Amino acid sequence: MGRKKVHTVAKSKHSTSQKKISSVKRNEINIQCEKLFHLCSNSAFLVRLWDNYLEISAVLEKVKRLEEMKTESTKRSVAIEKFVKWLKENDVNMNGICISEFPGYDLGLKAEKEYLENQLILEIPRKLIFSTQEAAPELQALQNDPMVQHMPQVALAIALLIEKHKGNSKWKPYIDALPTSYCTVLYMNTNDMTELKGSPTLEAALKQCRNIARQYSYFNKLFQNTQNPVSDILRDVFTYEEYCWAVSTVMTRLNTIPNEDETQMIHALIPLWDMCNHEEGKITTDFNRSTDSCECYAMRDFKAGEQIFIYYGPRTNSDFFVHSGFVYPDNKLDGFKLRLGISKADSLQKERLELLEKLDLPSVGEFLLNPGPEPISDTLLAFLRVFSMRKGELDHWLESDKVFDLKHIDCALETVVEENVRKFLLARLKLLIANYPTSQEEDAEILKTTLPQLKKLAILLRQTEKKILQNALDYVEQWIKA
């Protein structure tokens, strides 16, 4: 039951109500949303993602200025107090823990007593787990909408907005206690995004922003032009920033639990438990079907006064950065995504594709360079060997019943094939490192200065990527010498 969460941007105020947008502004917003939908939907723009992102950002700036509404606020500390009261009134077992602030993390969970590894820390009953089955029954009105129907994360974000803006929501104490903004890529401006130049994460970040802008423009049109319980609640309060908040809340806190009849897994947000921050370890959260509740156990010993961490599961820093808004420098399961493919112009394309199929490898795909002593994975090595073979070697391995030997480092191959693999890797790694405008040393110096959080995260990310590349380059250079 792994999940993702963000190091949140600390805010002392939390929005509770908004005033209506004027009809003149609303008309202009609708015009801008039409432009936005076109910019985000045309696949021709995907070949120039950066330019497309700049155009989308320019339209969104206009939209945000038009949508800016005065908000009445409550202190988050008051919201947390009410949230804890709500949890206790609804049978949440949280004896021995409390919500507390931690430097560099905003809020987290603190142990008020000693916990031993595998000891039960938290129990949250299903009735307090936020899902489309437990919350926002109004969403049924959109059950045939393709985006709500086929994208459960999007449906959950809309459900969150419904409960935030309708009167007398039972989820109000939870929603008010959530952060008011996040460090996901949706909150980055164009200056922050330029820090990712040279990084393969830039493309993923731009596509994420494009997708969310498209969803926003789609729902804006839907809520303005239809009459149903969802549109009635959200028509006058749905803004780009509100949608970014809802999507980021879902992205950073998402989990899956079994539905009530246990026929499928459904997307959900788990109050209180979702305040735990990430640490390398093991997944110790599960859903207890007999008690119908989410249970979290200590993944290691925790002393009284210590922050309680959970493990979010095996993800690269690139994934953490794009979807969860943080970077974990000590991530042992990090990786650099290396995109490789067989060219259609290759005269031996047919043979290469056939051999890759025998190896259960794609003809075009992403291969991870790993941190640590063995940066070149078996699958990457096998792909590069197929990529470097001549006609004779391809024919030999296509007939061989020991084709999976190609995934082993000590497989006996023609010297020229192995040399080509090493030369290719050496050239590619040097090129990837040169693509970054700064060196690792320069990044280290920049990080010593005071930086806005989003910019800092982007620099931290590219620093972790460069470390993986440099480690792989050192490995290949030693391999060549050997």
Side-chain angles (χ1 to χ4, degrees), residues 9 11 13-42 45 51-74 136 138-139 141-142 145-148 154-155 157-169 172 175-176 178 180-182 184-193 208-249:
V9 180
K11 295 275 176 119
K13 301 283 186 183
H14 203 289
S15 163
T16 54
S17 65
Q18 291 175 311
K19 292 180 182 175
K20 195 173 172 180
I21 293 169
S22 72
S23 58
V24 175
K25 282 187 176 180
R26 176 56 68 194
N27 288 338
E28 184 54 36
I29 290 165
N30 294 343
I31 291 165
Q32 295 302 326
C33 280
E34 285 296 328
K35 285 185 195 173
L36 201 55
F37 192 78
H38 172 67
L39 285 169
C40 300
S41 304
N42 192 332
F45 292 133
D51 291 340
N52 184 223
Y53 167 73
L54 292 179
E55 290 173 284
I56 289 167
S57 298
V59 175
L60 283 174
E61 280 308 310
K62 288 180 190 172
V63 166
K64 284 190 272 189
R65 278 198 299 274
L66 290 161
E67 287 180 336
E68 198 170 9
M69 295 185 283
K70 287 181 181 175
T71 58
E72 294 168 16
S73 302
T74 54
E138 297 84 357
L139 203 58
L142 299 182
D145 179 87
M147 210 173 282
V148 170
V154 169
I158 297 297
L160 195 60
L161 288 176
I162 292 167
E163 291 294 346
K164 181 179 179 181
H165 290 290
K166 77 179 187 187
N168 302 320
S169 170
K172 182 174 167 56
I175 292 167
D176 283 353
L178 288 166
T180 51
S181 65
Y182 295 87
T184 62
V185 294
L186 303 179
Y187 287 85
M188 291 175 78
N189 60 33
T190 50
N191 281 338
D192 298 327
M193 205 65 88
Q208 178 77 336
C209 292
R210 174 187 160 100
N211 288 341
I212 300 310
R214 181 175 178 272
Q215 290 168 19
Y216 156 74
S217 58
Y218 172 87
F219 282 118
N220 179 75
K221 187 173 184 178
L222 180 74
F223 299 150
Q224 292 306 312
N225 296 316
T226 59
Q227 297 289 333
N228 58 63
V230 180
S231 297
D232 292 346
I233 293 167
L234 297 181
R235 186 179 298 113
D236 295 330
V237 292
F238 185 74
T239 65
Y240 175 71
E241 292 205 333
E242 278 286 280
Y243 191 59
C244 280
W245 171 82
V247 167
S248 295
T249 299

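Predicted model, so just to flag it, every value in this text is computed and none were measured.
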Determine the minimum heavy-atom distance between [X] and [Y], stating which atoms define it.
| X | Y | answer |
| --- | --- | --- |
| Asp145 | Phe219 | OD2-CE2, 4.4 Å |
| Lys166 | Ala136 | NZ-CA, 4.5 Å |
| Glu242 | Val237 | CG-O, 3.8 Å |
| Arg210 | Ser41 | NH2-C, 3.8 Å |
| Cys209 | Val185 | SG-O, 3.6 Å |
| Val230 | Glu138 | CG2-O, 3.3 Å |

Could you tell me the separation between the [atom1] atom of [X] and the [atom2] atom of [Y], rounded to the nearest 0.5 Å?
| X | Y | atom1 | atom2 | answer |
| --- | --- | --- | --- | --- |
| Leu60 | Ile212 | CG | CD1 | 11.5 Å |
| Ile31 | Lys62 | CD1 | NZ | 11.0 Å |
| Leu178 | Leu160 | CG | CG | 6.5 Å |
| Tyr243 | Leu186 | OH | CG | 9.5 Å |
| Ile158 | Ile233 | CD1 | CD1 | 11.5 Å |
| Leu54 | Leu39 | CG | CG | 11.0 Å |

Self-check item: Pair Cys33-Tyr216, side-chain contact (heavy atoms from CB on, under 4.5 Å): steps then yes or no
Solution: CA-CA 8 Å; Cys33 280; Tyr216 156 74; 3.4 Å; yes

Quiz item: Please walk me through it: do Ile175 and His165 pass side-chain contact (heavy atoms from CB on, under 4.5 Å)?
Solution: CA-CA 10 Å; Ile175 292 167; His165 290 290; over 6 Å; no

Under a 3.5 Å distance rule, please check whether [X] uses its side chain to pair with a backbone N or O of [Y] as donor and acceptor.
| X | Y | result |
| --- | --- | --- |
| Asp192 | Asn189 | yes |
| Ser231 | Gln227 | no |
| Ser217 | Arg214 | yes |
| Glu67 | Tyr240 | yes |

Quiz item: Would a 4.5 Å heavy-atom cut-off, applied to side chains only, mark Thr226 and Leu142 as touching?
Solution: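 No; the side chains remain at least 4.5 Å from each other.
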
Quiz item: Taking it one step at a time, do Lys25 and Glu68 satisfy side-chain contact (heavy atoms from CB on, under 4.5 Å)?
Solution: CA-CA 10 Å; Lys25 282 187 176 180; Glu68 198 170 9; over 6 Å; no

Results of side chain to side chain donor-acceptor pair (under 3.5 Å) for [X] - residues two or more places apart only:
| X | result |
| --- | --- |
| Ser169 | Glu163 |
| Asp232 | Arg235 |
| Lys221 | Glu34 |

Exercise. Show your working on side-chain contact (heavy atoms from CB on, under 4.5 Å) between Ile29 and Thr239 and close with a plain yes or no.
Key: CA-CA 10 Å; Ile29 290 165; Thr239 65; over 6 Å; no

Self-check item: Flag for Thr190-Ser57: side-chain donor and acceptor within less than 3.5 Å
Solution: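 No, Thr190 and Ser57 have no side-chain donor paired with an acceptor closer than 3.5 Å.
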
Exercise. Please check if the distance between the ring centroids of Phe238 and Phe223 is under 6.0 Å.
Key: yes

